[in-house]
There are 2 protein chains.
Amino acid sequence: MNITPTTHEKLAAAAELLAALAYPVRLKIIWLLAEQGQQSVNHLAEQLAMDQSAISHQLRILRQAKLVITHRDGRQIFYQVTDQHVVHIIRDAVLHANE
Amino acid sequence: MNITPTTHEKLAAAAELLAALAYPVRLKIIWLLAEQGQQSVNHLAEQLAMDQSAISHQLRILRQAKLVITHRDGRQIFYQVTDQHVVHIIRDAVLHANE
DNA sequence: TAAACATATGAACATATTTTCATATATAAT
DNA sequence: ATTATATATGAAAATATGTTCATATGTTTA
């Protein structure tokens with residue numbers, strides 16, 4: 001009934017996932033990807049009116065958390081949401097935060 | 001199809017909610033409250049082997065995010081999870097992060 | 001009323017995160 | 001080959017977050 005080492009680790013992993021989501025710019029990125037499908041880095045940067053570099057740094061965080069995956073086409077790199085589960089968590093958070 | 005001001009605000013609110021959750025100690029607090037029901041501050045501090053002050057600061061963040069509510073009984077203050085929706089979001093995050 | 005207990009809070013410090021700037025890497029076009 | 005385009009990355013600067021320490025506030029007990 002206490003926090004076992006296993007629970008501890010699972011919660012730590014969950015905290016890491018949540019931390020990757022817990023930033024407006026990153027939520028917006030995932031939102032755009034969920035709504036519009038895959039997007040190039042520049043396209044995201046334009047839509048969010050941010051520096052290419054800043055976006056790239058944020059995309060790295062999403063990548064490392066496996067929230068997005070990429071593929072290259074020519075010199076562009078396209079990002080897409082890894083799976084719908086992520087979108088589901090965000091939708092829940094949006095609903096709860098705005099109820 | 002872009003991010004409207006309304007969407008912008010909703011995502012900002014969601015990011016704030018997620019940020020309140022995105023820290024191991026805070027997840028553990030909510031976990032304990034969800035499993036064991038309401039707990040006093042000292043009891044939480046003991047179980048998590050943390051300073052009373054540090055826990056209080058973290059509890060304030062959870063309170064401000066309306067993730068927990070309190071009531072006083074004598075000189076103790078008992079915390080409990082605001083609603084099951086929160087627990088649901090965390091459970092989802094735990095599952096996704098550990099799959 | 002004074003002492004003890006439970007919790008909260010402000011300020012200083014330590015640590016982590018985000019942005020910016022310069023530059024590196026990879027691909028395509030000339 | 002050289003130049004242009006798209007993206008990534010390291011380091012410094014700017015900002016935010018968490019912890020600690022001292023102390024304040026509210027409540028009970030002696």
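This one's a predicted model, so the numbers in the text were calculated from it and none came from an experiment. The sequence lines fix the lettering, A, B, ..., with proteins before strands; numbering per chain opens at 1.
Put simply, A/Leu33 and A/Phe78 are part of two different groups of oily side chains (I, L, V, M, F, W, Y) that touch within less than 4.5 Å, one to the next.
Non-hydrogen atoms lying under 4.0 Å from DNA chain C are contributed by A/Tyr23, A/Arg26, all within residues 17-31 of chain A.
A/Ala13 approaches B/Asn98 most closely through the heavy-atom pair CB-OD1, 3.7 Å. Between B/Ala65 and B/Ala20 the shortest heavy-atom distance is CB-CB, 3.5 Å.
Atoms OG and CZ, from B/Ser40 and B/Arg72 in turn, are 12.0 Å apart once rounded to the nearest 0.5 Å. Note that the CG atom of A/Leu67 and the CD1 atom of A/Ile61 stand 10.5 Å from one another [nearest 0.5 Å]. The distance from the CZ atom of A/Arg63 to the CD1 atom of A/Ile69 is 12.5 Å, given to the nearest 0.5 Å.
Here the C1' atom of nucleotide D/dT19 and the CG atom of B/Leu59 are 14 Å apart, to the nearest Å. Atom OH of B/Tyr79 and atom P of C/dT7 are 9 Å apart (whole Å). In this entry the distance linking CD of A/Gln64 with P of D/dA8 reads 12 Å, nearest Å. Atom CD of B/Gln58 and atom C1' of C/dT7 are 15 Å apart (whole Å). Atom C1' of nucleotide C/dT17 and atom CD of A/Glu16 are separated by 14 Å, given to the nearest angstrom. Rounded to whole Å, the distance from NE2 on A/His71 to C1' on D/dA6 is 14 Å. C/dA16 atom P lies 14 Å from atom CD1 of A/Ile61, rounded to whole Å. Remark: P of D/dA4 and CD of A/Gln76 are 19 Å apart, rounded to the nearest angstrom.
The side chain of B/Asn42 places an N or O atom within less than 4.0 Å of a non-bridging phosphate oxygen (OP1 or OP2) of C/dT7.
Put simply, the side chain of B/Thr70 never gets that close to the backbone of B/Ile77: no donor and acceptor are under 3.5 Å apart. Remark: side-chain polar atoms of B/Gln39 are paired, donor with acceptor, to backbone N or O of B/Gly37 under 3.5 angstrom. A/Arg26 places no side-chain N or O within donor-acceptor distance of the main-chain N or O of A/Leu62, the cut-off being under 3.5 Å.
Within the 4.5 Å cutoff, no side-chain heavy atoms of A/Thr6 are placed close to those of A/Glu9. Within the 4.5 Å cutoff, side-chain heavy atoms of A/His85 are placed close to those of A/Ile89.
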Exercise for review: Would you mind building the protein contact string for nucleotides 25-30 of chain D? One character per nucleotide, 5' to 3', B for base within reach (heavy atoms under 4.0 Å), S for sugar-phosphate only, - for untouched.
Suggested key: -SBBS-
Polar atoms only, N or O, under 3.5 Å: list the protein pairs with nucleotides 20-23 of chain D and their distances.
| unit_1 | atom_1 | unit_2 | atom_2 | d |
| --- | --- | --- | --- | --- |
| D/dT20 | O4 | B/His57 | NE2 | 3.1 |
| D/dC21 | N4 | B/Ser53 | OG | 2.6 |

